[in-house]
Amino acid sequence: MRILIAEDEKSLNRILVKQFTRAGYSVDSCFDGESVFDYLAGAGYDAIVLDVMMPKLSGFEVLEKMRKSGNDTPVIFLTAKSEIEDKVYGLDSGANDYLTKPFSFEELAARVRMITRKSTGNSTNIYTVGDLTVNLKSREVTRGGKNIELSSKEYAILECLVRNAGTVMSREKIENSVWNYDYAGGTNVIDVYIRYLRKKIDDDFDVKLIHTVRGAGYVLKTQ
């Protein structure tokens, strides 16, 4: 998944970027509310971790502007404020969740998984397509009961496909989901990783799950 962290406390921002990156996420970050829209203009995100008290635009103002523009990216607020009125205001403004500082990274990561599950209509961390199973929490992948070992980028691309199973994903969409703004490669790298995935996911099975849609991209489906 690709997430955006908007947090003006630089040390916390750096820690969150490091922790989410270590957990396998593609992460972008910024330190003020206005910068959020610079990132949103250039990429789509699976979730946004949004601090409430930020310079230029507060988290509340950012969320209000997002929702008015039709952007429904899942948002979880981070704030030092614990008053019920602030939580109610944030949730009523369109936030998907609310976490009060201080917090554990494990809880934040679990809440991010929860809001992204809801956005895809999945009720658990486990996604299945045919006999392929992907556990987003443990990052375990099995097919036909056989464990499949994937590199971090192979897993990230498979997660993108399984979260959008049945939907054709262009190379650009996959790239935007897996790499952050620091990436300077080309879309042909997606084709390379798809070949790697096919060797591990499809080659030993009669039913192929990763399909090429000529001129459009790739789709994960049983037929």
Side-chain angles (χ1 to χ4, degrees), residues 1-10 12-21 23-79 89-99 108-109 111-121 153 156-157 159-161 163-164 167-191 193 215-219:
M1 289 190 294
R2 185 172 184 174
I3 64 172
L4 175 63
I5 296 170
E7 164 63 61
D8 69 320
E9 187 180 334
K10 289 182 170 56
L12 178 57
N13 191 307
R14 287 193 295 268
I15 290 171
L16 292 178
V17 169
K18 182 178 180 179
Q19 294 277 31
F20 274 112
T21 301
Y25 291 81
S26 173
V27 186
D28 293 311
S29 71
C30 59
F31 303 98
D32 65 78
E34 283 186 358
S35 296
V36 171
F37 296 99
D38 294 331
Y39 281 92
L40 289 177
Y45 292 92
D46 296 290
I48 299 176
V49 178
L50 188 62
D51 186 32
V52 169
M53 300 300 293
M54 288 189 297
K56 298 184 179 180
L57 288 176
S58 71
F60 290 146
E61 291 171 319
V62 169
L63 181 62
E64 181 180 6
K65 188 175 178 180
M66 282 177 56
R67 297 302 188 238
K68 283 184 177 179
S69 70
N71 188 316
D72 60 357
T73 303
V75 168
I76 179 169
F77 272 133
L78 296 182
T79 182
Y89 182 80
L91 294 171
D92 282 346
S93 298
N96 300 82
D97 204 355
Y98 204 109
L99 190 58
L108 174 59
R111 288 173 180 263
V112 168
R113 290 194 296 270
M114 177 190 69
I115 64 176
T116 54
R117 282 200 311 267
K118 288 181 178 180
S119 69
T120 60
K153 280 295 182 283
I157 291 173
E159 181 180 324
C160 176
L161 292 174
R163 282 177 169 274
N164 298 277
T167 300
V168 178
M169 300 294 291
S170 68
R171 291 168 179 82
E172 183 179 8
K173 284 184 177 180
I174 296 172
E175 182 180 305
N176 285 340
S177 177
V178 174
W179 279 274
N180 60 21
Y181 271 107
D182 294 330
Y183 176 68
T187 53
N188 64 313
V189 76
I190 302 298
D191 300 326
Y193 277 108
Y218 298 100
V219 60

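Computed from a predicted model, the values in this text were never measured in an experiment.
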Between [X] (side chain) and [Y] (backbone), is there a donor-acceptor pair under 3.5 Å?
X: D51; Y: G59; answer: no
X: N13; Y: E7; answer: yes
X: Y39; Y: S29; answer: yes
X: R171; Y: I190; answer: no

Does the side chain of [Y] come within less than 4.5 Å of [X]'s, by heavy atoms?
X: I174; Y: L161; value: yes
X: F60; Y: L63; value: no
X: V36; Y: L57; value: no
X: M1; Y: Y45; value: no
X: D28; Y: R2; value: yes
X: V75; Y: V62; value: no

Rounded at 0.5 Å granularity, tell me how far [atom1] in [X] sits from [atom2] in [Y].
X: R14; Y: I5; atom1: CZ; atom2: CD1; result: 12.5 Å
X: L108; Y: R111; atom1: CG; atom2: CZ; result: 8.5 Å
X: E159; Y: Y25; atom1: CD; atom2: OH; result: 7.0 Å
X: N96; Y: L50; atom1: CG; atom2: CG; result: 11.0 Å
X: L78; Y: L12; atom1: CG; atom2: CG; result: 7.0 Å
X: K56; Y: S35; atom1: NZ; atom2: OG; result: 5.5 Å

message = I need the single residue from L40, I115, I3 that forms a side-chain contact (heavy atoms from CB on, under 4.5 Å) with I48. Which is it?
response = L40
Where is the tightest heavy-atom contact between [X] and [Y], given as atom of each residue plus distance?
X: I76; Y: Y98; value: CG1-N, 4.1 Å
X: D46; Y: T116; value: O-CG2, 3.4 Å
X: A216; Y: V168; value: CB-CG1, 3.8 Å
X: P55; Y: D32; value: O-CB, 3.5 Å

key: Distance-only donor-acceptor check, side chains S69 and N71, under 3.5 Å   = no
task = Classify the side-chain pair N164/Y218 by whether it contains a donor and acceptor separated by less than 3.5 Å.
result = no
query = Hey, is E61 close enough to K65 for a salt bridge, meaning N to O under 4.0 Å?
reply =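 Salt bridge: no.
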